[in-house]
> 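Pasting a structure here, questions to come.
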Amino acid sequence: MSEGPLVLGIETSCDETGVGLVRGNTLLADAVASSVDSHVRYGGVVPEVAARAHLEAMVPTMHRALDLAGVRLSDVDALAVTAGPGLAGALLVGTAAAKSYALALDRPLYGVNHLAAHVAVDTLQHGDLPTPLVVLLVSGGHTSLLLVDDIACRVRTLGATLDDAAGEAFDKVARLLGLPYPGGPVIDRIAAGGDPRAVAFPRGMTGPRDSAYDFSFSGLKTAVARWVEAAERAGTAIPIADVAASFQEAVADVLTRKAMRACREYDVADLLIGGGVAANSRLRALATQRCGEAGIRLRIPRPALCTDNGAMVAALGARLLAAGVPPSALDFATDPGMPVEQLTVGRY
Ligand code: KG4
Ligand code: ZN
C-alpha cells in the first residue's frame, strides 16, 4: 500500500501527450498518446502538428490516466508539468492545461524540467535515488553527463554534446539508411541481425586532447553517410544491418566509456541512464557489462519509462513536494531552452 500525496504529471514537450499519476515512489497510472504517426512522412517532428495533437489528446489522456489509477481529479494533491526544454507550442498546451487544473482544484503546481524528470522516473521502478549519482542523459534533444546531488535541489553538468544529441544521431542515420522515423527503435531492431564489428566507425571526442565528458556525434553521422555513398558509388548492396549495428556500437561505446570515467574520477558508485536512447538494447547491455566489471551499480528504467511520458513528470513533482520545494506561481512562463541545472520555474 503506497502512501503520500497523490501527484499528477503532464508532459507535452515533444510528440507524446503524457499524463501520469504517482503516490510516493509508486506508479499508479501512465497514459500516453503519441502523435508520432503524423510525423513519419516528414522524417521528424513537425512542431505545429505536435501542438495540435496535444490539444486533441489532452483531455482524453487525462481521463484515461484517472481511470487507470482509479482516482478522481479531486483526489489529486499536487500537479507537475513540463515547463521546458521542448517545442514552444507543444509546451504551451501542457502548461495551459496544468494551470487550468491547478486553478480549478486549488492545488500547488510545479513547472518542471523535462530532463530532470527523465532522472526522477527511475524512483518509480528502483526506489529512492542514491546520492551522489552520475547520470547519463540521452534523448532526442539532449546528451549530457550529470552529477546529481539531489534531483529535487542540485544537478551539475559535467559535459554535453557539442553538436547532435545521441537520439538525433540515431534518427539521422536511420534516414541515411532509408529507415523510418523515429530511427532509434528501428536501428535497435535491425542491428540485432548485424555485425557490430563490420565497420570501424569513429568514436568522437575520445582522443587524449578531447574534453573527457563532452560528446560529438556529427562526425559519426558523416562517416556513416560517406560509407553509404562509397558503397552506392561502387554499386554494392548496402549491408544495412551491419551498418546499423556498427553505428549503434560506436554510440554505445562512447556513451558508456565517458559515463564510466565520470564515475571513476568523481568516485561515484552509482550510474543512472535515462532518456529515450536509454531504451536502446545495446547501450543497456554494454553499460551492464562495463558497470559489472568496474563494480558500479547501474540503474536504467524499463524502456517504456525511458521514452517521454507523464509519470516521469509526476515522479519529479513527488520528489520536489517531499523535499519541501515551493511550487511555481501560476503565471510562470515556459522555457523551450531550459538548462538542465534549473529544476523548476517561477517559484512563489
Ligand atoms: O526522451 P525522448 O522520448 O524524447 C526527447 O526528450 O527527445 O527521446 C526520443 C529519442 C529519439 O531520438 C528516438 O530515436 C530515441 O530516443 N530512441 C532510441 C530508442 N528508442 C527511442 N534510440 C535508440 N534505441 C532505442 N531503442
Ligand atoms: Zn525526453
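When a ligand or atom number is given, it counts from 1 through the structure's own listing order. This is a predicted model, so every value here is computed, not measured.
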> Does Asp171 come within less than 4.0 Å of Arg175, counting only side-chain N to carboxylate O?
no

> What residue and heavy atom of the protein are closest to atom 6 (O) of ligand 1, and at what distance?
His114 NE2, 3.1 Å

> Please confirm whether the backbone N or O of Val36 pairs with a side-chain atom of Ser34, one donor and one acceptor, at under 3.5 Å?
yes

> Could you identify the N, O or S atom of Asp308 positioned closest to the Zn ion (ligand 2)?
OD1

> For the 3.5 Å polar cut-off, considering only N or O atoms, please tell me whether Gly184 and ligand 1 meet it.
yes

> Using a strict cut-off of 4.0 Å, indicate which atoms of ligand 1 neighbour a heavy atom of Gly167.
12 (O)

> Looking at Lys172 and Glu168, is any side-chain nitrogen of the basic one under 4.0 Å from a carboxylate oxygen of the acidic one?
yes

> Thr307 heavy atoms, cut-off 4.0 Å: which ligand 1 atoms fall inside?
3 (O)

> Okay, side chain of Ser246, backbone of Val199: is any donor-acceptor separation there less than 3.5 Å?
yes

> Donor-acceptor check, side chain of Ser328 to backbone of Val345, threshold 3.5 angstrom: yes or no?
yes

> Within rounding of 10°, what is the angle whose vertex is the Zn ion (ligand 2) and whose arms end at NE2 of His118 and NE2 of His114?
100°

> Using a strict 4.0 Å cut-off to heavy atoms of His118, name the atoms of ligand 1 that fall inside it.
1 (O), 6 (O)

> Are any of the side-chain nitrogens in Arg290 or Glu293 under 4.0 Å away from the carboxylate oxygens of its partner?
no

> Do the side chain of Gln289 and the main chain of Cys291 share a donor and acceptor less than 3.5 angstrom apart?
no

> Spell out, as yes or no, whether a donor-acceptor pair under 3.5 Å connects the side chain of Asp308 to the backbone of Glu16.
no

> Closer than 4.0 angstrom: is that true for some heavy atom of Pro185 and an atom of ligand 1?
yes

> Tell me, which protein residue and heavy-atom name are nearest atom 24 (N) of ligand 1, and how many Å apart are they?
Asn280 ND2, 3.0 Å

> Centre of Phe332's six-membered ring, under 6.0 Å away, within 45 degrees of the axis: is that where NZ or CZ of Lys99 sits?
yes

> Do any nitrogen or oxygen atoms of Glu16 lie less than 3.5 angstrom from nitrogen or oxygen atoms of ligand 1?
no

> For Asp308 and ligand 1, does the shortest N/O to N/O distance drop below 3.5 Å?
yes

> Return the residue, atom name and 0.1 Å-rounded distance of the protein heavy atom closest to atom 26 (N) of ligand 1.
Asp188 OD2, 2.9 Å

> How far is atom 15 (C) of ligand 1 from its nearest protein heavy atom, and which residue and atom name does that atom have?
Val277 CG2, 4.0 Å

> Counting only heavy atoms, tell me which of Asp15, Asp171, Val173 gets closest to atom 14 (O) of ligand 1.
Asp171

> Assess whether a salt bridge exists between Arg302 and Asp122, defined as any Lys/Arg side-chain N lying under 4.0 Å from an Asp/Glu carboxylate O.
no

> Among all protein heavy atoms, pick out the one at the shortest distance from atom 20 (N) of ligand 1; state its residue, atom name and that distance to 0.1 Å.
Gly276 O, 3.5 Å

> For atom 10 (C) of ligand 1, tell me which residue out of Ala166, Gly140, Gly141, Ala191 has the closest non-hydrogen atom.
Gly140

